[in-house]
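Keep in mind that the numbers below use all heavy atoms, side chains included, and drop hydrogens, waters and symmetry copies.
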Amino acid sequence: MEYTFDQAAALLDTGRNTLARELRRLKMLDQHNMPAGRYRGQGIFVVKTGTYEHPTRGKTPYTKTLITARGLELIRYRLTPKEEATMTNPSEQQPAGRVHDVGELTVINEDHGRCHHRVAMVVVFDSPEQAQACVKAGTLRLIPSTDLNPDATEAMRHGG
């Protein structure tokens with residue numbers, strides 16, 4: 001399913017202009033509200049093109065950026081709810097890691113032994129300190145990576 005900015009904003013409990021401004025701030029959209037750099041071709045946005053009849057200029061081309069269901073989930077993770085941002089102290093925030101991949105994983109230990117996991121999730125931290133904080137807290141806020149394949153995102157959402 002694809003959503004207009006109006007529809008996506010309503011689902012995210014914000015306004016259309018606020019959503020577009022935040023996506024530009026996050027560098028997900030360029031100044032023309034087109035998918036920026038690494039967000040092109042990732043199944044997050046779809047750009048529709050067409051023409052319309054302008055009263056004085058005749059046939060005029062247009063582009064319209066839509067947000068996919070996968071894109072809506074990623075945006076939901078990337079946008080911090082206003083209540084959460086104002087209520088939490090930065091030192092009290094839950095450790096965060098980006099989900100890099102979900103699927104099967106084979107781990108090779110120092111003795112070249114192999115352990116295959118049919119269900120595995122690779123979580124990437126910005127620093128060893130963040131990883132240690134996560135282990136210490138015993139909890140983790142997962143943020144899907146933009147390069148995560150759509151099947152993995154779907155599996156995370158439905159616990160499969």
Report yes or no: do L11 and F45 belong to one cluster of Ile/Leu/Val/Met/Phe/Trp/Tyr joined by side chain heavy-atom distances under 4.5 Å? yes
Would you compute the distance between atom CE of M28 and atom CG of L79 and round it to the nearest 0.5 angstrom? 8.0 Å
Can you give each donor-acceptor pair under 3.5 Å made by side-chain atoms of residues 58-67, sequence neighbours left out, with the distance rounded to 0.1 Å?
{"from": "T60", "atom 1": "OG1", "to": "G58", "atom 2": "O", "distance (Å)": "3.1"}
{"from": "T65", "atom 1": "OG1", "to": "N33", "atom 2": "O", "distance (Å)": "2.7"}

About how many Å separate CG of L29 and OH of Y39, when rounded to the nearest 0.5 Å? 10.0 Å
Linked, directly or transitively: L26 and F5 (ILVMFWY side chains, under 4.5 Å): yes
Inspect the contact between R70 and E73 and indicate whether a charged nitrogen and a carboxylate oxygen are less than 4.0 angstrom apart. no
Applying side chain to side chain donor-acceptor pair (under 3.5 Å), can you list everything that pairs with H54, at least two apart in sequence or on another chain? T56, R57
Which residue pairs satisfy the salt bridge (Lys or Arg N to Asp or Glu O under 4.0 Å) criterion with at least one member in residues 23-35, sequence neighbours excluded? E22-R25
Tell me every residue that passes salt bridge (charged side-chain N to carboxylate O under 4.0 Å, His left out) with D6, counting only those two or more places apart in sequence or in another chain. R16
Inter-residue atom distance R78.CZ - L12.CG, 0.5 Å rounding: 13.5 Å
Any side-chain to backbone donor/acceptor pair from T68 onto I44? Under 3.5 Å, distance only. yes
Considering residues at least two apart in sequence or located in another chain, which fulfil the side chain to side chain donor-acceptor pair (under 3.5 Å) criterion with R21? T18
Pairwise side-chain contact, R40 with M34, heavy-atom cut-off 4.5 Å (strictly under): no
Test side chain to side chain donor-acceptor pair (under 3.5 Å) applied to E129 - qualifying residues, sequence neighbours left out: S127
